[in-house]
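In what follows, a structure is listed as structure tokens, so that the remarks can point back to it.
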Amino acid sequence: MIGKITGIGTALPKYVMDNEELSTMVETTDQWIRERTGIRTRHIARNGETTTSLAIEAAKEALKAAKIEAASLDLIIVSTNTAIDLMPNTACEIQKEIGAFVATCFDITVACSGFVFAYNTVLAYMRANMCKKALIVGSETLSNVVDWSDRGSCILFGDGAGAVVLEEDDSENFKPLMSSMGAKGEALTLTNSFGKARDFMAMDGSEVFKFAVASVPKIIEELLMINQFEKEKIKYYVLHQANKRIIDAVAKRLKEPLDKFPTNVENYGNTSSASIPILLKEMDEKNSFKKGDYIVMVGFGAGLSLGATILKW
Ligand code: COA
């Protein structure tokens, strides 16, 4: 059993912050940010745009694209580390808004691996006959938790949401992979002091960089090996969009051509769990995918965590 993506939706805040604007806030330059990260602009939530409102907008668009009724969804999983409320969870807020009356709804907090963790969780539900149609949403307003005085991290992140409808399809069966390394958790943290103080994300950039460059090629190779799948059959590697240099390094280590690694980090920065569905939608709009194409998706980030999966278009 494998899931099939039948609809994609996205929502991006209207306000766009470029590197020039950032350089008026912290000691940095457009050139430094572009050379070290590939990022030029990011969207920032303002004027009532929230993690929930973006998630609902993306979810509605994905349902419309999939041409299904919300009431036919069995499962809604939202991946977010910037939920407005812990109770009710964001998935329940979406359920209420779209009328997905019978869906089981929960949020997960796996940061930048969250979309792939949610995707693989839906596959497990499908294999267990617990779900036929699911909605996965990655939504983040990281601008609320970024330390805007830390030039080593605030330049990287952006806000946005992406959603996919995943429907049961039994044409092929791939084993996905996920792993977590709690011992390395200090490299990327976001405290939760329940309103007592402002919570900020803190990051050891070079530690996270080294982790990504070493671990992402490894998990891809392991994924292909356990599924007895050759690299030549993969049309695209859709990686979490954290930093263009990480993506370039992964391609090099895998000895795969860069054009198999689409990127849009230039325009959005790192939108955490929203980055993969935002990229999928852009590629779909450009007709980059043909029916039957195989795509590897990989998420990596806080935890530290890693998730990988093979998707058939
Ligand atoms: N503008 C200008 N200079 C900056 C800067 C900025 N925005 N941020 C850091 N610097 C400086 C540092 O202070 C340091 O100066 P020093 O040599 O005088 O001490 C120098 O640039 C090099 O810093 P370093 O941290 O080694 O840079 P880097 O090449 O590793 O790039 C990151 C920093 C954050 C861009 C990079 O480590 C990275 O992308 N890491 C992964 C982060 C990530 O993806 N996190 C999310 C994962 S899901």
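For reference, positions follow the sequence shown, starting with 1. Counting convention: from 1, in listed order, for ligands and their atoms alike. Computed over heavy atoms, backbone and side chain alike; hydrogens, waters and symmetry mates excluded.
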Does atom 39 (O) of ligand 1 have any protein heavy atom closer than 4.0 Å? yes
Atoms of ligand 1, numbered as shown, that sit under 4.0 Å from any heavy atom of A242: 44 (O)
Looking just at side-chain N and O atoms, do Q241 and T263 make a donor-acceptor pair shorter than 3.5 Å? no
Examine the proximity of ligand 1 to T37 and report which part, side chain or backbone, both or neither, has a heavy atom under 4.0 Å away. side chain
Side chain, backbone, both or neither: which part of T28 has a heavy atom under 4.0 Å from ligand 1? both
Please list the nearest protein heavy atom to atom 46 (C) of ligand 1 with its residue and the distance rounded to 0.1 Å. N270 ND2, 3.5 Å
Would you call R245 and E35 a salt bridge, using N to O less than 4.0 angstrom? no
Is a donor from one side chain sitting under 3.5 angstrom from an acceptor on the other, for E93 and T52? no
Heavy-atom protein neighbour under 4.0 angstrom from atom 23 (O) of ligand 1: no
Looking only at the side chains, is there a donor atom on one of Y125 and E168 sitting less than 3.5 Å from an acceptor on the other? no
In terms of side-chain geometry, is the basic nitrogen of D248 or K252 positioned less than 4.0 Å from the acidic oxygen of its partner? no
Which residue holds the protein heavy atom closest to atom 48 (S) of ligand 1, what is that atom called, and what is the gap in Å? C112 SG, 3.2 Å
Does K312 come within less than 4.0 Å of E172, counting only side-chain N to carboxylate O? yes
In the protein, which heavy atom is nearest to atom 42 (C) of ligand 1, and how far is it? M203 SD, 3.6 Å
Of the protein's non-hydrogen atoms, which lies at the shortest distance from atom 27 (O) of ligand 1, and what is that distance? R36 NH1, 3.4 Å
Measure the acute angle between the ring planes of H240 and F300, then classify it against the limits of 30° and 60° as parallel, tilted or perpendicular. perpendicular
Hey, are the side chains of V116 and M178 touching, using non-hydrogen atoms and a 4.5 Å cut-off? no
Distance filter under 4.0 Å to I155 heavy atoms, resulting ligand 1 atoms: 7 (N)
Under a 4.5 Å cut-off applied to non-hydrogen side-chain atoms, are I5 and L311 in contact? yes
L63 and V165, any side-chain heavy atoms less than 4.5 Å apart: yes
Ligand-side contact atoms (ligand 1) for residue partner F300, heavy atom cut-off under 4.0 Å: 48 (S)
Take atom CD in E285; do more than 12 heavy atoms of anything else shown fall under 6.0 Å from it? yes
Got a protein heavy atom sitting under 4.0 Å from atom 29 (O) of ligand 1? yes
Aromatic centroids of Y294 and F229 separated by under 6.0 Å: yes
Can you report which non-hydrogen protein atom sits closest to atom 12 (C) of ligand 1, along with the distance? R151 NH2, 3.8 Å
Does ligand 1 have an atom under 4.0 Å from some heavy atom of I33? no
Check: G205 N/O within less than 3.5 Å of ligand 1 N/O: yes
For atom 44 (O) of ligand 1, is the nearest protein heavy atom under 4.0 Å away? yes
Atoms in ligand 1 with a heavy atom of E27 nearer than 4.0 Å: 1 (N), 2 (C)
Classify the contact between H240 and ligand 1 as side chain, backbone, both or neither, using a heavy-atom distance cut-off of under 4.0 Å. side chain
So, for atom 35 (C) of ligand 1, does the protein have a heavy atom nearer than 4.0 Å? yes
For atom 47 (C) of ligand 1, what's the nearest protein heavy-atom neighbour? Residue, atom name and distance, please. V208 CG1, 3.5 Å
What part of V26, side chain from CB on, backbone N/CA/C/O, both or neither, has a heavy atom under 4.0 Å from ligand 1? neither
Are V298 and I219 packed together at the side-chain level, in the sense that at least one heavy-atom pair is separated by less than 4.5 angstrom? yes
For atom 31 (O) of ligand 1, which protein heavy atom lies nearest, and how many Å away is it? W32 CH2, 3.8 Å
Using a strict 4.0 Å cut-off to heavy atoms of G301, name the atoms of ligand 1 that fall inside it. 48 (S)
Test: ring pair (Phe, Tyr, Trp, His ring centres under 6.0 Å). Region: residues 87-118. Which pairs qualify, not counting sequence neighbours? none
